[in-house]
Amino acid sequence: MKYTASSNPLEKTTSGCLVLGFFEKRTLATSAKKLDQALDGLLSDILARNRCSGKPGETLLLNYIPSGSAERILLVGMGRKGKVSARDYSKAVESATKNIRSSGASDSVFALAEIAVTDRSTTWKARQIVEISEDTSYRYTATKSDQPNAGHLSEIQLFVDKKSRVSDLKSGIRQGLAIANGMRLCKDLANLPGNLCTPTYLAEQAVELAEQFPTVSTRILDEEEMEQLGMGSLLSVSMGSRQPAKLIVMEYNKGPKNQQPCVLVGKGLTFDAGGISIKPAAAMDEMKYDMCGGASVFGVMSAVAELELPLNVVGIVPSSENLPDGSANKPGDIVTSMAGKTIEILNTDAEGRLILCDALTYAERYKPELVIDIATLTGACIIALGHQPSGLMGNDDTLCHELEEAGEMAGDKVWRLPIWDEYQDQLKSNFADIANIGGRPAGTITAACFLSRFTEKFRWAHLDIAGTAWRSGKAKGATGRPVPLLAQFLINRLEN
Ligand code: BES
Ligand code: MN
Ligand code: ZN
């Protein structure tokens, strides 16, 4: 899709569909009012007839316009005038993008950047339109014979009434496209089935990313190299699999030479059957999504490289399968991590933390400014927080606040859970330094407590994305989260 920005008068702009806002109590937004006058009150008449409420996302498609330069007009409810929240706005844009596609228009003009949104800039509004439009038009195609058609829409022009604001729209479009492209990469990798998306495949994709962006360099560590580094915990998880584990490292260094990098570590479990502590059959297919943390790291690296952010960012994706087999981990087995700590594996299904702990220790070599790990780590996170926010835990309040703020701004929210010392007791083992599970209470927190034992040397935050990385049921598919959150977090680091 092509996105452009303009302040040319709407009356003279031809389009397949012109999108205009209206508020509760049937008040038209500025541009809509102007057009209404030009059309002899047509818009206000139709609004009155249809008893529209103006609630965010309500739409009314006028499929025939007697005069003027727009073939169609889509009226979109924005909520209460002067009180439009970021969420109201996003809802309205989502509904507008879906409706235009079904209207049959091949190009569209959005006059929604003029709507005042509480605490949000023009750039943000442009970015939302691009991100949401790309998100709603995403179609998975990799393994389908019939290539689904996302509609005829091929261009969206963003309109703003002041010429001085056009550059704001343009920077929003640029950011929006980079984030949307990152989300698409994340979704494509995540939606691919486990037989195709193996650790080796993910490693190849990292090499491709480095080809696409010369500013990204990739290094792939194989099992032998991991063995030499002493990654006994990570390697134990892939023992039951015929697919060799990979440690994928992506580096992007466009920041100042002496600046310590932000390191992102993403869980890349390409299929999690649970191992010997095997999972029940129901919905087990969804465990192909157990590499969504890793996929989001790919997505963020892509967005950062596309935006050419002056930052140093390292992405690390430990990747493996977790399957039952004669040489798989058994409950009670004890392995030695790269950090030297011994781990008693009481449940082979708590494998995410086993691969992450060695990747986190590996991150130490970058002397990182901060480390964020992203993982579909615990089913308990869905019980605690549902599918709305990602779980956030960490050892640094400032970093956690920054992530909370970035999540609010990006519409990709997180909710923090405590990782008090009191919880650490649940990880005691009679036979090793630490056990890999802490029992049923506070499962999300004890998983983070496990990771916290390997992150004492740097500022660290952990995102549990078990509830947010994909949708189940009829709309089954990856969401691309938390790419928007992390991209926003990194962009904010430049502005502060
Ligand atoms: N990948 C799963 C977590 C998961 C489960 C995410 C379902 C989303 C939906 C993880 O490897 C796992 O199996 N965790 C166990 C931990 C338990 C054994 C302590 C879980 O959540 O049941
Ligand atoms: Mn598991
Ligand atoms: Zn898992």
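Whatever order the structure lists them in is the order used to number ligands and atoms, beginning at 1.
Using modelled atom types and a 3.5 Å distance limit, the side chains of Q424 and S452 yield a donor-acceptor pair. In this model, a donor atom of one side chain and an acceptor atom of the other lie less than 3.5 Å apart for S472 and E286. With no hydrogens or angles considered, no side-chain donor-acceptor pair links T123 and Q175 at under 3.5 Å. Under 3.5 Å, the side chains of E134 and Y3 contain a donor-acceptor pair of N or O atoms. A donor-acceptor pair shorter than 3.5 Å can be found between the side chains of N181 and E306. Under 3.5 Å, the side chains of T348 and N329 contain no donor-acceptor pair of N or O atoms. Side-chain contact of T270 with T198: a donor-acceptor pair under 3.5 Å is absent, judged by distance alone.
Applying the 4.0 Å criterion to heavy atoms of A466 picks out, from ligand 1, the atoms 6 (C), 8 (C). The distance from ligand 1 to the heavy atoms of I437 drops below 4.0 Å at these ligand atoms: 19 (C). Numbered from 1 in the order shown, with element, the atoms of ligand 1 that lie under 4.0 Å from a heavy atom of E351 read 11 (O).
Around the Zn ion (ligand 3), the angle linking D290 (OD2) with E351 (OE2) is 100°, rounded to 10 degrees. For the pair OE1 of E351 and OD2 of D272, the angle at the Mn ion (ligand 2) is about 100°; rounding is to 10 degrees.
Residue A380 places no N or O, backbone or side chain, under 3.5 Å from any N or O of ligand 1. Any N or O atom pair closer than 3.5 Å counts here, and T378 shares no such pair with ligand 1. For N347, no nitrogen or oxygen atom sits less than 3.5 Å from a nitrogen or oxygen atom of ligand 1, counting backbone and side chain alike. Considering backbone and side-chain N/O atoms, W470 never comes within less than 3.5 Å of an N/O atom of ligand 1. Taking only nitrogen or oxygen atoms, main chain and side chain alike, D272 reaches within less than 3.5 Å of ligand 1.
Under a 4.0 Å N-O distance rule, the pair D425/K428 qualifies as a salt bridge. A salt bridge does not link R353 with D373: none of the charged nitrogens is closer than 4.0 Å to a carboxylate oxygen. Using a 4.0 Å cut-off between charged nitrogen and carboxylate oxygen, D433 and R453 do not count as a salt-bridge pair.
Residue, atom and distance of the protein heavy atom nearest to atom 21 (O) of ligand 1 are G379 N, 2.8 Å. The nearest heavy-atom contact from the protein to atom 5 (C) of ligand 1 is M287 CE, 3.7 Å. The shortest contact between atom 16 (C) of ligand 1 and any protein heavy atom is with R353 NH2, 3.8 Å. The single protein non-hydrogen atom nearest to atom 15 (C) of ligand 1 is D349 O, 4.0 Å, given as residue, atom name and distance.
If you look at K267 next to ligand 1, the close heavy atoms, those under 4.0 Å, all belong to the side chain. Looking at E286 against ligand 1, nothing comes within 4.0 Å, counting heavy atoms. Residue-level proximity to ligand 1 for L377 is carried by the backbone, the only part with a heavy atom below 4.0 angstrom.
Among the atoms of D349, an N, O or S atom falls under 2.8 Å from the Mn ion (ligand 2). Coordination check, G352 versus the Zn ion (ligand 3): failed, since every N/O/S atom of the residue sits at 2.8 Å or beyond.
No other N/O/S atom of D272 lies as close to the Zn ion (ligand 3) as OD2 does.
With a 4.5 Å cut-off on side-chain heavy atoms, L229 and L247 do not count as touching. Here the side chains of L196 and Y201 are not in contact, with every heavy-atom distance at 4.5 Å or above. Looking at heavy atoms from C-beta onward, I465 lies out of side-chain contact with R481 at the 4.5 angstrom threshold.
The protein reaches atom 1 (N) of ligand 1 closely, with a heavy atom under 4.0 angstrom from it.
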